[in-house]
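What follows is a short report on a single structure.
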Amino acid sequence: MENKTIKININGKDFEENINSNLLLIDFIREKIKLTGSHIGCDTSQCGSCMVLYNDICLKSCSVLAIQMDGAKITTIEGISDGDNLHPMQESFRECHGLQCGFCTPGMIISAIALIKEKPTPSEKDIREHLEGNLCRCTGYENIVKSISAGAEKMKG
Ligand code: FES
Ligand code: FES
């Protein structure tokens with residue numbers, strides 16, 4: 001398999017790496033950049049635990065090749081807080097008990113932020129429909145939906 005050098009900005013930092021052209025973006029992020037907050041929960045592009053932000057859109061990073069992201073800006077769960085200050089959506093998940101084991105949470109939060117960028121005041125139906133691509137095996141989703149509604153309010157400032 002051919003190698004290629006790519007330049008990519010992750011969480012505001014530039015990286016230049018020579019990689020195998022069949023390396024998935026999630027493996028690039030976790031193995032090359034050593035950011036392990038984005039999780040791998042399936043091998044079928046269904047669970048959403050690997051989601052990252054690409055131009056304010058949530059992207060399943062297991063479904064694209066790293067070389068397709070040459071020149072791109074990506075934000076992972078590690079890049080959304082302001083130093084020690086949690087992102088408002090992270091605060092809301094904590095306050096509304098939007099997680100249990102936490103495995104799906106990075107993807108849920110990234111997905112929620114993308115939704116609010118597109119629709120600042122989502123209805124419960126909007127939130128539930130948007131979460132179609134994010135699976136949680138613990139919570140039953142009730143508190144996740146509450147967390148996202150509360151997070152949307154907080155993000156208005
Ligand atoms: S690991 Fe990407 S969707 Fe499941
Ligand atoms: S909190 Fe455990 S999978 Fe969602």
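Atoms within each ligand, like the ligands themselves, are counted from 1 in listed order. Sequence positions, counted from 1, serve as the residue numbers for this chain.
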Check [X] against [Y] and note the closest heavy-atom contact, atom names and distance.
X    : Y    : value
Q90  : S81  : OE1-CB, 3.6 Å
F103 : I40  : CZ-O, 3.4 Å
N143 : S147 : O-OG, 2.6 Å

For this session: Would you check if there is a donor-acceptor pair between the side chains of T5 and N18 at a distance under 3.5 Å?
Result: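 Yes, a side-chain donor-acceptor pair sits under 3.5 Å.
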
For this session: Determine whether the side chains of S21 and N3 contain a donor N or O and an acceptor N or O closer than 3.5 Å.
Result: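 The criterion, which ignores hydrogens and geometry beyond distance, is not satisfied for N3 and S21.
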
Exercise. So what's near atom 2 (Fe) of ligand 2, protein N, O or S atoms under 2.8 Å?
Worked result: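 Per the 2.8 Å query on atom 2 (Fe) of ligand 2, atoms found are C101 SG, C138 SG.
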
Exercise. Would you say L53 and L35 are hydrophobically clustered, going by side-chain heavy atoms of ILVMFWY under 4.5 Å?
Worked result: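 The answer is no; the residues belong to distinct hydrophobic clusters.
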
Exercise. Do I113 and Y141 share a hydrophobic cluster (ILVMFWY, side-chain heavy atoms under 4.5 Å, transitive)?
Worked result: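 Same cluster.
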
Problem set entry | Distance, nearest 0.5 Å, that separates SG of C58 from CG of N134 |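 It comes to 7.0 Å.
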
Exercise. Are T121 and K156 close enough, and set up right, to give a side-chain hydrogen bond (donor to acceptor under 3.5 Å, both in side chains), and what steps lead you there?
Worked result: CA-CA 9 Å; T121 311; K156 287 180 191 158; 3.2 Å; yes

For this session: Provide the protein N, O or S atoms situated under 2.8 Å from atom 2 (Fe) of ligand 1; waters are not included.
Result: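 The answer is C50 SG, C62 SG.
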
